[in-house]
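Here the structure comes first, spelled out in C-alpha cells, and everything after it is commentary.
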Amino acid sequence: MKFRTEPSFDREFSRLPREHRHLFLAMLYGHLLPALAAGAHRGMTPWPKRLRVHKLTNSDVYSMTWSFASPDGRATFHFEKDDDGEPMLVWGRIGNHSIYE
C-alpha cells in the first residue's frame, strides 16, 4: 500500500529517540502492513489486537497504539485515494498520548 506523511508526522518522528523509531518501524513491518495486505482497512480481517486500532470520534482518522510500556507509543492515520483510486495510508501524528490534545 502506498503511503505519505503529513509534515507534523515528519517533525514528530524525527524527534523520537532512535529506539522509539525502531519500535515503530518494527510494528509497522511486523503487524500493520501485513494487516493492511490482508484487508483490515476494508473490514476483510480484524486489525491486530496488539495495535488497538480504532477510529477517533466523529472523524475518519484512526488511532493506533504501537507501544504500551515505555514508550507510550501512539500514531494517527487516515486513508485517501491515490491517483489511480487505490487507498493510500496518510500518517498524521506520532508520539505519546499527548498527540490527541
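Since the structure is predicted, the reported quantities are computational estimates derived from the model, not experimental observations.
- A heavy-atom distance below 4.5 Å is found between the side chains of Asp60 and Lys55.
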For residues 14-21, run the donor-acceptor check on the side chains, cut-off 3.5 Å, and write out each pair with its distance to 0.1 Å, sequence neighbours left out.
| residue | atom | partner | partner atom | Å |
| --- | --- | --- | --- | --- |
| Ser14 | OG | Asp10 | O | 3.4 |
| Ser14 | OG | Arg11 | O | 2.8 |
| Arg21 | NH1 | Leu16 | O | 2.6 |

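- Residues Trp66 and Phe13 are members of one and the same hydrophobic cluster, defined by side-chain heavy-atom contacts under 4.5 angstrom among Ile, Leu, Val, Met, Phe, Trp and Tyr.
- Take Thr57 and apply the side-chain contact (heavy atoms from CB on, under 4.5 Å) test, not counting sequence neighbours, and it matches no residue.
- Hydrophobic clustering of Ile, Leu, Val, Met, Phe, Trp and Tyr side chains at less than 4.5 Å, counting indirect connections, unites Tyr62 with Phe3.
- Note: the hydrophobic cluster containing Tyr100 does not contain Met64 (ILVMFWY, side chain heavy atoms under 4.5 Å, direct or indirect links).
- Ser59 places a side-chain N or O within donor-acceptor distance of the main-chain N or O of Val61, the cut-off being under 3.5 Å.
- By the side-chain hydrogen bond (donor to acceptor under 3.5 Å, both in side chains) test, Ser98 is found to be paired with Asn96, residues two or more places apart in sequence or in another chain being considered.
- In this structure, CZ on Phe9 lies 4.0 Å from CD1 on Ile94, to the nearest 0.5 angstrom.
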Let me check something: any side-chain donor-acceptor pairs from residues 27-53 under 3.5 Å, sequence neighbours excluded? List them with distances.
| residue | atom | partner | partner atom | Å |
| --- | --- | --- | --- | --- |
| His31 | NE2 | Arg50 | NH1 | 2.8 |

Return all side-chain donor-acceptor pairs below 3.5 angstrom for residues 72-92, not counting sequence neighbours, or 'none' if the list is empty.
| residue | atom | partner | partner atom | Å |
| --- | --- | --- | --- | --- |
| Asp72 | OD1 | Arg74 | NE | 2.7 |
| Asp72 | OD1 | Arg74 | NH2 | 3.1 |
| Asp72 | OD2 | His97 | N | 3.3 |
| Thr76 | OG1 | Arg93 | N | 3.0 |
| His78 | NE2 | Glu80 | OE2 | 3.1 |
| Glu80 | OE1 | Arg4 | NH2 | 3.2 |
| Glu80 | OE2 | Arg4 | NH2 | 3.0 |
| Asp82 | OD1 | Asp84 | N | 2.8 |
| Asp82 | OD1 | Gly85 | N | 3.0 |
| Asp82 | OD1 | Glu86 | N | 2.8 |
| Asp82 | OD2 | Lys2 | NZ | 3.3 |

